[in-house]
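Here the structure is a predicted model, which means the values were calculated and not measured. Reminder, nothing fancy here: chain letters follow the sequence lines and each chain counts from 1.
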Amino acid sequence: MKLSEKNKNFFDLVYQVCREIPYGRVSSYGAIANYLGSARGARMVGWAMNNAHGQQKFVPAHRVVNRNGQLTGKIHFSTPNEMEILLLKEGIKVKNDQIIDFKKVFWDPTTELSL
DNA sequence: CGATTGACACCAA
DNA sequence: ATTGGTGCCAATC
């Protein structure tokens, strides 16, 4: 048992929140970080996503974008198009790596989960 | 152990 | 509005 596995709480929570994102909706790193308590720890969420590929359960990382709604993390997928395709399949319009109507599809865990 | 990096966010010019 | 610089926390080199 490695130390990283013990301290996976933060990462695990990130994965949990990602899976809680409803179909056809997206969230932002900052929102998730804020929900976990690290308001400025958005980068950690990104790191978690990087590890998400190694997780046994699938993590809809494609539903997580930066606060601009830009698909900055698409390059980390199997193929850069993967993220776009997945989002498009969920009814989310993407143009030039930018989510259209981002505010409409935006899903804030602090607002949706923390009622 | 110190320095650098990273799928971001915020502030100042 | 756009660009550049700084801060955040953890992991990797």
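Residue A:H53 is in base contact, counting any heavy-atom pair closer than 4.0 Å across all strands shown. Using a 4.0 Å heavy-atom criterion, one finds that A:A61 contacts the bases of the nucleic acid, with or without backbone contacts as well.
Protein atom CZ of A:F10 is 10 Å distant from nucleotide atom C1' of C:dC8, rounded to whole Å. One interatomic measurement links the two molecules: CE of A:M49 to C1' of C:dA10, which rounds to 14 Å at whole-angstrom precision. What separates CD of A:Q98 from P of B:dA7 is a distance of 18 Å, to the nearest Å.
With sequence neighbours excluded, the residues that form a salt bridge (charged side-chain N to carboxylate O under 4.0 Å, His left out) with A:E90 are A:R63. Under the side-chain hydrogen bond (donor to acceptor under 3.5 Å, both in side chains) criterion, A:Q70 pairs with no residue, sequence neighbours left out. Applying the side chain to side chain contact (heavy atoms under 4.5 Å, CB included) criterion to A:I85, with sequence neighbours excluded, gives A:N81, A:K89.
Clustering ILVMFWY residues whenever any of their side-chain heavy atoms sit less than 4.5 angstrom apart, transitively, puts A:M83 in the very cluster that holds A:F106. Under the 4.5 Å side-chain contact rule for hydrophobic residues, A:F77 and A:L88 share a cluster. Hydrophobic clustering, with ILVMFWY side chains joined whenever heavy atoms are under 4.5 angstrom apart, groups A:I21 together with A:F11.
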N/O donor-acceptor pairs under 3.5 Å from side chains in residues 24-34 of chain A, not counting sequence neighbours:
residue: A:S27; atom: OG; partner: A:W107; partner atom: O; Å: 3.0
residue: A:S28; atom: OG; partner: A:A31; partner atom: N; Å: 3.2
residue: A:Y29; atom: OH; partner: A:V64; partner atom: O; Å: 3.3

Can you give me every donor-acceptor pair (side chain of residues 44-61 of chain A, partner residue at least two apart or in another chain, under 3.5 Å) with its distance?
residue: A:H53; atom: NE2; partner: A:H76; partner atom: O; Å: 3.2

Listing, residues 95-103 of chain A side-chain donor-acceptor contacts under 3.5 Å, not counting sequence neighbours, or none:
residue: A:D97; atom: OD1; partner: A:K74; partner atom: NZ; Å: 2.8
residue: A:Q98; atom: NE2; partner: A:N68; partner atom: O; Å: 2.7

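Helical stems of DNA chain C (runs of at least 3 Watson-Crick or G-U pairs, donor-acceptor distances under 3.5 Å) are listed by first residue: B:2-6 with C:9-13, B:8-13 with C:2-7.
When all heavy atoms of A:T110 and A:D108 are compared, the pair lying nearest together is OG1-OD1, 2.6 Å.
When side chains are defined from C-beta on, A:L87 counts as touching A:L71, because their heavy atoms get closer than 4.5 Å.
Within residues 74-85 of chain A, the residues having any heavy atom closer than 4.0 Å to DNA chain B are, in order of number, A:H76, A:F77.
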Revision key, fill the gap. Counting primed atoms, P, OP1 and OP2 as sugar-phosphate and everything else as base, the B/S/- map of nucleotides 8-13 of chain B against protein heavy atoms under 4.0 Å is BSS---

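The CG atom of A:L36 sits 5.5 Å away from the CG atom of A:L13 when rounded to the nearest 0.5 Å.
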Enumerate the protein-to-nucleotides 1-5 of chain B contacts in which both atoms are nitrogen or oxygen and the separation is below 3.5 Å.
none

